[in-house]
Number of protein chains: 2
Amino acid sequence: MKNKTLAEKAAQELLKFIQDKNMVEGEKLPNEYELSNQLGVGRNTVREAVRILASRNILKIKQGAGTFISDKPGMVEDPLGFLFMEDRRKLVSDLMQVRLIVEPAIAALAAQNATEEDHRQLTRICQEIENLIFEGKDFSEKDRAFHSKLAESTQNLVMKNLIPVICQGVRVFSTTVSAQEYKQTIETHRKILQAVKERRGVDAEQAMSYHLLYNIQRFQKEEDLT
Amino acid sequence: MKNKTLAEKAAQELLKFIQDKNMVEGEKLPNEYELSNQLGVGRNTVREAVRILASRNILKIKQGAGTFISDKPGMVEDPLGFLFMEDRRKLVSDLMQVRLIVEPAIAALAAQNATEEDHRQLTRICQEIENLIFEGKDFSEKDRAFHSKLAESTQNLVMKNLIPVICQGVRVFSTTVSAQEYKQTIETHRKILQAVKERRGVDAEQAMSYHLLYNIQRFQKEEDLT
DNA sequence: AGTTAAAAAATCGTTTTACGAAATGGACTA
DNA sequence: TAGTCCATTTCGTAAAACGATTTTTTAACT
């Protein structure tokens with residue numbers, strides 16, 4: 001604790017301050033001047049402390065409005081350093097390889113551990129995706145939500161945090177626009193969902209494998225064109 | 001790019017500046033005043049920009065000495081927000097569950113893709129672990145290095161960045177001191193290494209599964225005591 | 001000449017003051 | 001009532017000044 005910079009110590013103190021007050025998502029912090037007084041450091045130092053916590057998505061800064069408690073505590077922007085990888089094509093390919101290993105197992109685990117509430121939310125997301133498809137809109141964000149919720153349904157904390165990162169990586173770095181062949185997406189999503197609901201782990205696993213392999217194939221085809 | 005704060009834009013510019021100059025690990029940046037001039041922003045903003053990059057481990061700040069290029073580009077301190085999880089026992093358990101899914105596949109991939117240089121490094125690390133064990137010292141750091149290097153040997157960029165994070169989590173949050181039964185560690189590590197070298201993917205996979213299951217069992221035994 | 005200690009320089013750390021930019025809320029007007 | 005505008009609040013940025021720490025230089029001493 002001794003060789004840390006004052007701003008870092010202030011950040012730690014501020015975090016404790018937040019936890020002590022039991023502040024919840026969306027709640028507003030005192031402004032920078034008041035924090036400067038309460039923490040006993042200059043406003044500049046307060047700003048750096050706040051930024052440290054903001055960089056970890058613990059706080060959300062809004063100019064003119066204030067600083068608020070964020071919703072996704074601890075999740076970072078680019079946690080695994082994807083931005084600094086040169087070969088983005090390989091990155092997407094590698095991401096899909098990881099998904100192909102992890103997500104079938106996730107589907108099986110979700111089939112085993114998902115709650116009724118998880119089932120409802122998954123169903124809703126699945127429906128929203130189908131709606132977006134019918135309207136011809138981009139559904140990649142919702143697709144990510146589906147896979148993330150599935151990961152959350154495993155009740156495994158690490159999966160819950162990891163999968164959004166991986167899916168986001170694919171979403172950001174793949175140049176692929178939403179596929180033309182939506183039918184496959186709708187169908188396999190439904191299959192996965194149904195298997196999870198009925199707690200058929202192996203079926204969920206297989207459906208997920210098929211879903212991902214199909215997408216990987218699509219990516220590869222597109223690569224061949226460029 | 002428009003609704004970003006000036007400091008964030010400055011950070012991006014600074015990063016480009018670094019990449020353009022092809023700066024390498026350990027190299028020193030101009031001081032804050034010069035950067036302030038070169039980037040055309042105030043020193044305060046420069047500091048915030050530098051901190052953004054420092055928080056991503058791209059830069060390393062040393063008071064009185066200067067700011068330098070870091071060695072582990074893009075790797076963050078606590079990328080998946082482990083620090084904010086309440087139940088650390090469950091966290092370790094969840095981490096091991098993830099490892100049990102991912103690492104056998106990694107072993108198989110490594111057997112397929114590892115280079116001669118990878119083989120050499122893995123062998124060296126394996127030897128170092130055995131030495132530490134014979135000396136009765138803590139080898140958890142080196143164990144992490146072994147699993148990380150194995151992940152790197154898959155030639156999959158995501159694995160390479162992901163596994164160190166997972167292993168570090170286990171290492172930090174598990175209260176387990178190095179096991180008494182070292183023999184198992186030495187033996188299975190050797191088995192994995194040998195299988196990877198001889199490109200026997202399935203054998204590597206199985207050896208890794210056994211290795212992890214053994215450790216999980218150990219964790220559970222220890223939990224039962226407390 | 002070599003060693004060591006003090007001084008100087010370089011650099012980041014922190015505070016303070018001042019003003020700009022954005023969001024919010026309330027008063028005023030149609 | 002609805003919409004617009006303005007004052008207030010709050011974060012964003014800049015600049016100057018001094019403190020803290022590290023590195024380098026200088027100087028003194030053996």
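Sequence lines set the chain letters: A, B, ... in the order given, protein chains first and strands last, and positions in each chain run from 1.
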Count the heavy atoms belonging to other residues, nucleotides or ligands that lie under 6.0 Å from NZ of A:Lys197, then report whether that count exceeds 12.
yes

For B:Asp118 and B:Gln155, does a side-chain donor sit closer than 3.5 Å to a side-chain acceptor?
yes

Parallel, tilted or perpendicular, as decided by the 30° and 60° cut-offs, for the rings of A:His211 and A:His147
parallel

What does nucleotides 3-8 of chain D look like as a protein-contact string, B for base, S for sugar-phosphate only, - for none, at under 4.0 angstrom between heavy atoms?
------

Within the pair B:Thr45 and D:dG12, is there a side-chain N or O less than 4.0 Å away from OP1 or OP2?
no

Scan nucleotides 10-13 of chain C against the protein and return all N/O pairs shorter than 3.5 Å with their distances rounded to 0.1 Å.
from	atom 1	to	atom 2	distance (Å)
C:dT11	OP1	B:Lys28	NZ	3.2
C:dT11	OP2	B:Asn31	ND2	3.1
C:dC12	OP1	B:Thr67	N	3.4
C:dC12	OP1	B:Thr67	OG1	3.2
C:dC12	OP2	B:Glu32	N	2.9
C:dC12	O4'	B:Gly64	N	3.4
C:dG13	OP2	B:Arg47	NH1	2.8
C:dG13	N7	B:Arg43	NH2	2.8
C:dG13	O6	B:Arg43	NH1	3.3

Separation of atom CD in A:Glu8 from atom P in D:dA20, rounded to whole Å:
18 Å

For DNA chain C, the residues among residues 16-25 of chain B that have a non-hydrogen atom under 4.0 Å from it
none

Separation of D:dT23 atom C1' from B:Phe68 atom CZ, nearest Å, is 10 Å

Are A:Arg144 and A:Glu141 ion-paired here, with the side-chain N under 4.0 Å from a carboxylate O?
yes

Thinking salt bridges, do A:Glu128 and A:Arg124 make one under a 4.0 Å N-O criterion?
yes

B:Asn44 and B:Arg47 side chains, donor-acceptor separation under 3.5 Å:
no

salt_bridge(A:Asp20, A:Lys16) N-O dist < 4.0 Å:
no

Quick test of your reading of the model: are B:Glu130 and B:Arg190 salt-bridged, counting only N-O distances below 4.0 Å?
yes

Charged N to carboxylate O below 4.0 Å: is that the case for B:Glu117 and B:Arg120?
yes

Does A:Glu152 pair with A:Lys149 as a salt bridge, N-O distance under 4.0 Å?
yes

